[in-house]
Each structure stands twice: as C-alpha cells, then as structure tokens.
Amino acid sequence: MYLSYGRQWISDDDINEVVKVLKSDWLSQGPMVERFENSVAEYVGAKYAVAFSNGTAALHAAMYAAGLKAGDKGLTVPMTFAATSNSMLYVGAEPVFADITLETCCLDPKEVESKMTGDVKVIVPVSFAAYPVDIGAFRAIADKWNAVLIEDGCQALGAERNGVKVGCEADMTAFSFHPVKPITTGEGGMVTTNNPDYAKSMKLFRTHGITKDAKEYEFAENASFGWYGEMQQLGYNYRLTDIQCVLGLSQMKKLPEFMERRRELASLYFKKLDGTPHLRLQPYHEGHGWHLFMIFVDPDKRLGLFNHLKENGLGVQVHYVPVHLQPYYRRQFGYKEGMFPKTEAMYQSEISIPLFPAMSDSDVDRVVDLIKNYLEQV
Ligand SMILES: *Cc1c(COP(=O)(O)O)cnc(C)c1O
C-alpha cells in the first residue's frame, strides 16, 4: 500500500453532512459559512474568523487587511511554501526574508530584529510543520516598529504553546484546509483575529469589496433600493462554499482525535528511529501539531534514501525548496545561494516521512524498517 507523507481522513459522517447541504437551498454562501467560522474561532480562542476559498487567499486577505501595499515590505522566512511571500506580492509589496533557527526550523526572532527597517509593515512567522512558533518573541519587535504580526498557521491548526492554541496570539493567523492539512474542506482557508476592523475588511475583500449592509453605504440615499449593493474597495471572489463549510464543521468535531493520533504516531517515530546512523529528527515541542514528520539525513545520503523510500511505496516529500532560490525570486530580487545558510542547510538534509491520523502502528514499523535498513548499510 502506498503511504503518502500526509492525507485526509474522510468518514461516512462527513459524507452524510455534505449530502444534506447538496440537497438544501444553499450551495455557495449560506448558513454553514458562519457556523464553520464560529467553530474554528471558538476552538482557537479568537473573537473572529473569516473563511476563504483557500489558505493562499486567506494570506492575501490578511496582507490586505493589514494595509500592506506597494512601496512597503513584508518580512518572512524563506523556509516555507511560496504562498507565504507570494501573498505580499499580490498587494504590490516586496517580500524580504530572515533565516530560521535550527532549534525550531522556524523564523528566528534575532534574525528578524537585525533585518527590521521602517518600511517593513508586516512580520510573518510560519508555524512550520505545526511547530507552534513563539508569537511572544515577535510581539516586542512588531510593536517597536509598528508592524502587523501575521502568523502563517496554514499547517498548524490544533498546535498549541503553553495551553494556548495557534490562532489567537498574532494580529491575524491564516489556516489552510488542503487535504494534507490538519482538517480538510478539499480546498479552503480561514483567518482568525481579535480585531473587528480586520475581520470586517477581510469579509469585504472576500466578496469583490461589495457590501449589502445599508448601514455601511457611502450613498445612504440608495439604502431603500432592494437591488442596491455598494462596491467600496477592490476585492475578489474568495468565497468558501456551504458544501465545503459543512465538511469543515464535521472535520472540526474530529480534530482533537486527529491531533491525539498525530502525537501518538510522532512519539512512536521518536522512539523507534532513535539512534539510527546519519539521522536527526525534527525539533520536539509538547504542543507540536505534527503536520509533518521531518527527518534530517547527512546531505550526501539524502537523495539515495529519498529514492529508496519512493521505490518502496512511500510518498515522501522534501519541504521545501527555499523560496528565495526559486527562479522567480532569484530573477525579481537577485537572491542566490548562501544568503540564508540555515534554511539552505535544512533543505539539503530534509525528508518528510508519512504521518497522518489514519496511519496504523504497523505502517510506522514499515517506514522505520525501510529507513533503518538503508541507513545502516550505507
Ligand atoms: C498549505 C500552505 C499554504 C497555502 O494554503 P493553500 O490552502 O494550499 O492555498 C500557505 N502557507 C503554508 C505554510 C502552507 O503549508
């Protein structure tokens, strides 16, 4: 059986809920949107949540609500999925990068401090692999420079730090519901925030910048016209459908169980892979959400191990090619090798091995045996 590095877990109860919505009056935005938003907001402990068609749209909306614009810079980490910094480009701003610390594989607050300038308007740490990044460590820097703190939590729904869930500490936190992420809606995303102005701005952004709320109209004299809606900003069609939201709502019920199983599987890997030659394991945190289980091998053994695992039916992956080394970023901004040594070192040795809640203990044994057999012989 093929074991992917991550995959969804859909059961009959999820399917039944989706079928009910398909038979209802609402397929696009209906009552399920707000119910799903409320469920995520409540779970993470934030006041507001706004659903989007995917995590990338959620990040785009957060950049917009933060007021990021042409001439500004956004600071993030090059060890992430391209969507993090792409969302800054969408609003015309320039992404700049600061390196990770290998203790967390996440953005290093000290590196951020040394890179700050007055034109950096947003700081975007990523809770990479669902390691819960320490938002407190970035708060003082953001406040000092008057920057908005946006967490890319796309991998990290369910992770927590000192009992506080990812999603309520940054000014805004973006989540993704792609099938490999902690819960899925097929495609989907959300931003959580405690700031009502950000929430309002993101809702407008989600629907073309058009409001149907008469209290908000600039031309109040039109309020009595039933057909009237007012486009006040340039927005997009970034709606998440009721079909997807009801799936999300159903998945939210199972999230605690999913998280528990991810933690069990991760501790099995820690126990069974301990002491394997040429191998290091990913940073541990008690509130880790284990979106990915990353192993680090000697760089000269990485390609061989990767191919060995692939040939034996494991859907392993490398997370990620550093964003600054992608051709587009090299061309546009002159980035090259050597600029972010820790990110590049991580990239040279990383492999993400299978971890998803529907995996069995014997699946773990199969992965562990394949890794050990290879590394004990090279
Ligand atoms: C998945 C992911 C995104 C994008 O989410 P989509 O729903 O695929 O658009 C952004 N940032 C990170 C770190 C991700 O893992």
Side-chain angles (χ1 to χ4, degrees), residues 4-8 36-37 40 49-64 66 74-91 95 97-98 100 104-107 122-133 135 138 149-159 166-167 170 172-192 202 205-206 236-241 244-245 247-248 251 262 282 288-294 317-324 326 329 343 346-347 350 352 355-356:
S4 169
Y5 78 86
R7 65 163 288 150
Q8 72 277 15
F36 182 36
E37 288 171 341
V40 175
V50 184
F52 291 94
S53 47
N54 53 66
T56 307
L59 282 165
H60 184 185
M63 298 304 155
Y64 171 83
L75 198 151
T76 189
V77 66
M79 179 44 73
T80 184
F81 183 54
T84 315
S85 49
N86 286 355
S87 65
M88 300 168 180
L89 291 169
Y90 298 158
V91 295
F97 297 110
I100 57 169
T104 64
C105 294
C106 296
L107 186 58
V122 298
I123 302 173
V124 187
V126 179
S127 282
F128 193 86
Y131 183 100
V133 82
I135 291 301
F138 297 99
L149 191 49
I150 300 172
E151 178 171 0
D152 183 340
C154 279
Q155 306 183 345
L157 182 65
V166 165
M172 288 177 269
T173 305
F175 294 105
S176 165
F177 310 124
H178 179 279
V180 297
K181 306 291 166 81
I183 63 161
T184 191
T185 60
E187 296 278 359
M190 202 172 281
V191 178
T192 55
M202 287 188 287
F205 190 73
R206 176 172 71 185
Y236 291 77
N237 177 355
Y238 276 167
R239 294 188 289 259
L240 191 64
T241 66
Q244 294 168 297
C245 287
L247 177 56
Q251 290 261 297
R262 284 182 183 275
Q282 79 179 68
H288 206 302
W290 308 109
H291 162 62
L292 299 177
F293 197 89
M294 302 191 285
Q317 183 54 285
V318 169
H319 292 98
Y320 287 99
V321 176
V323 177
H324 71 285
Q326 293 288 3
Y329 279 83
T343 290
M346 177 176 160
Y347 167 59
E350 199 268 350
S352 301
L355 194 161
F356 51 90

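First listed ligand is number 1; within each ligand, the first listed atom is number 1. In this chain, residues are counted from 1 in sequence order.
Centroid-to-centroid, the aromatic rings of F52 and H60 stay 6.0 Å apart or farther. Checked against the 6.0 Å centroid threshold, Y347 and H319 do not count as a close aromatic pair.
Between F175 and ligand 1 there is no heavy-atom distance shorter than 4.0 Å. Remark: distances from the non-hydrogen atoms of H291 to ligand 1 are all 4.0 Å or more. Proximity of A58 to ligand 1 is not established, as no heavy-atom distance is less than 4.0 Å.
The shortest N or O to N or O distance between Q155 and ligand 1 is below 3.5 Å. Residue contacts with ligand 1: G55 is placed with a nitrogen or oxygen under 3.5 Å of a nitrogen or oxygen of the ligand (distance criterion only).
Heavy-atom proximity to T80, at under 4.0 Å, picks out these atoms of ligand 1: 13 (C). Shown in contact with Y320 at under 4.0 Å from a heavy atom are these atoms of ligand 1, numbered in order with element: 15 (O). Heavy-atom proximity to G188, at under 4.0 Å, picks out these atoms of ligand 1: 7 (O).
In terms of protein heavy atoms, atom 13 (C) of ligand 1 is closest to D152 OD2, 3.4 Å. Looking from atom 8 (O) of ligand 1 to the surrounding protein, the closest heavy atom is S176 OG, 4.0 Å. Annotation: atom 10 (C) of ligand 1 to nearest protein heavy atom, C154 SG, 3.5 Å. For atom 1 (C) of ligand 1, the closest non-hydrogen atom on the protein side is K181 NZ, 1.5 Å.
Of the N and O atoms on the side chains of E151 and S127, at least one donor lies less than 3.5 Å from an acceptor on the other residue. Between the side chains of S85 and Y329, at least one donor-acceptor pair of N or O atoms lies under 3.5 Å. There is no side-chain donor-acceptor pair under 3.5 Å between Q8 and H178.
Using a 30° and 60° split on the angle between ring planes, F205 and Y236 fall in the tilted class, from 30° to 60°.
If you look at T56 next to ligand 1, the close heavy atoms, those under 4.0 Å, come from the backbone and the side chain alike.
No side-chain donor-acceptor contact under 3.5 Å links T185 to the backbone of C245.
The two residues A61 and M202 have their closest heavy-atom pair at O-CG, 3.7 Å.
Residues E187 and R239 are not paired through a salt bridge, judged by the lack of any N-O separation under 4.0 Å between the basic side chain and the carboxylate.
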